[in-house]
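Note sheet for the following structure.
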Amino acid sequence: MRGAAVKSGSRTKIFGSRLFAIASVVAVAATFLGHTAIAAGEERLLAYGARIVGDDARTRIVIDFDRPPTFSIHYIANPERVVVDLPATAFGFPAKDLEARGLFKDIRYGTMDEDSARIVLTATRPVRIGMAKVQVDEGGKGQRLVLEAEMTDKATFDELVKAHSWNEPASAQTTSAIPSPEKPGSGDFVVAVDAGHGGIDTGAIGVDTKTQEKDVTLAFAKTLADRLNREPGIKAFLTRSDDSFLSLSQRVEIARQNHAALFVSLHADTLRQKDIRGATVYTISDKASDKLAADLADRENLSDQIAGKTTTTEPPEVADILLDLTRRETQAFSISMAESVLSSFKDQVGTINNPHRHAGFRVLQAPDVPSILLELGFLSNKDDEKLLLDDGWRTKMGELLTEAVKHYHASMVANGG
Ligand SMILES: [Zn+2]
């Protein structure tokens with residue numbers, strides 16, 4: 001039952017996109033092929049529209065049907081694929097409307113046999129369908145199948161392959177049982193520690209020792225996570241634990257999937273002004289606090305392009321007042337975390353002038369996870385570079401940041417947050 005029998009999207013293109021074109025093809029086929037074809041033609045669902053949006057962390061597929069489809073979802077490994085089995089369906093939308101993007105590098109669909117059709121989504125990495133449902137169109141004219149794919153880890157994907165094989169009694173179903181990611185232990189305060197850059201994206205390079213930022217951030221992220229994990233009630237995890245590339249939205253998604261209550265992205269960039277040194281804490285904002293913050297955010301946001309990812313801006317979701325409120329609340333929490341960090345750095349760690357700044361960092365965009373970006377120091381400054389490579393300094397920084405996290409957490413609890 002491989003996808004080999006499935007016709008590629010471009011094949012269906014010859015049938016044209018418009019409803020009447022499909023209707024006439026069916027009618028012509030019926031005339032030539034006689035009775036059975038008429039019956040099949042009448043029963044076939046018509047998929048008359050399709051859309052795909054999203055990025056390499058989350059991708060949504062919507063297919064419009066003339067009647068509610070039954071469907072079932074299966075997973076196949078090597079390469080990672082998601083298979084959507086449908087009743088007999090005529091695919092009548094232009095192939096370009098369902099061109100692979102985001103988490104998927106190839107999408108094929110077509111007839112399997114008289115009674116069934118199939119969509120095969122080949123993924124760029126392990127994925128899971130977090131949500132799959134059929135809903136009535138706003139206008140009440142059609143029914144749409146909505147599939148929300150999200151990145152996951154290899155182990156979860158392997159579980160899905162096992163749980164959703166064709167060996168299970170696979171009666172047609174309208175929803176599929178999808179396991180949720182595991183929740184952390186009750187009451188733990190979960191912190192995502194994000195080592196900036198990685199893999200093909202080296203980040204900044206040190207002036208003196210040619211140290212790469214991606215190594216500095218990873219070494220410190222490990223120190224910090226270890227230190228945080230020694231605190232009862234705090235559970236820290238790394239978004240990356242080796243020299244691998246993660247896109248900015250993947251970092252955000254990993255934090256959300258692991259139910260992080262706080263996201264700390266670590267960096268050590270370079271500046272043209274080599275005399276500037278010290279730590280800086282950034283929070284997100286539409287408008288940058290100053291030129292230095294704006295330039296830095298621009299450079300950080302380039303990370304995806306360095307790795308050859310095309311970043312596309314999606315049209316904003318339908319204005320959602322609840323999401324807006326969440327965002328505003330999250331921003332207030334992020335600012336309070338930034339202040340907590342700076343008060344624990346006071347007289348202990350050198351900071352630049354106005355050490356709390358803000359700008360449009362894409363890695364800080366989770367609407368529901370308070371997030372800060374910490375520039376530990378600057379690799380463009382010889383003295384900072386020395387510190388960044390010093391074990392003792394790292395330990396001390398880990399200590400102070402742990403104090404800051406504890407202080408922030410305590411104030412959240414006190415305020416009922
Ligand atoms: Zn950086």
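Quick note: residue numbers are just sequence positions, from 1. Counting starts at 1 for both ligands and their atoms, following the listed order.
The structure places CZ of R394 at 8.5 Å from CZ of F220, a figure rounded to the nearest 0.5 Å.
When all heavy atoms of Y408 and L262 are compared, the pair lying nearest together is CE2-CD1, 4.1 Å.
Taking a 6.0 Å sphere around CG of D242, one finds it holds more than 12 heavy atoms contributed by other residues, nucleotides or ligands.
In this structure, L388 and L379 have side chains that are in contact, with non-hydrogen atoms separated by less than 4.5 Å.
Aromatic pair F93/Y109: centroids less than 6.0 angstrom apart.
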Passes ring-ring contact (aromatic ring centres under 6.0 Å, His included), Y282 versus F361? Steps please.
CA-CA 9 Å; Y282 291 92; F361 292 93; 5.1 Å; yes

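Around the Zn ion (ligand 1), the protein contributes the following N, O or S atoms under 2.8 Å, ordered by chain and number: H197 NE2, E213 OE2, H267 ND1, D269 OD2, E300 OE2.
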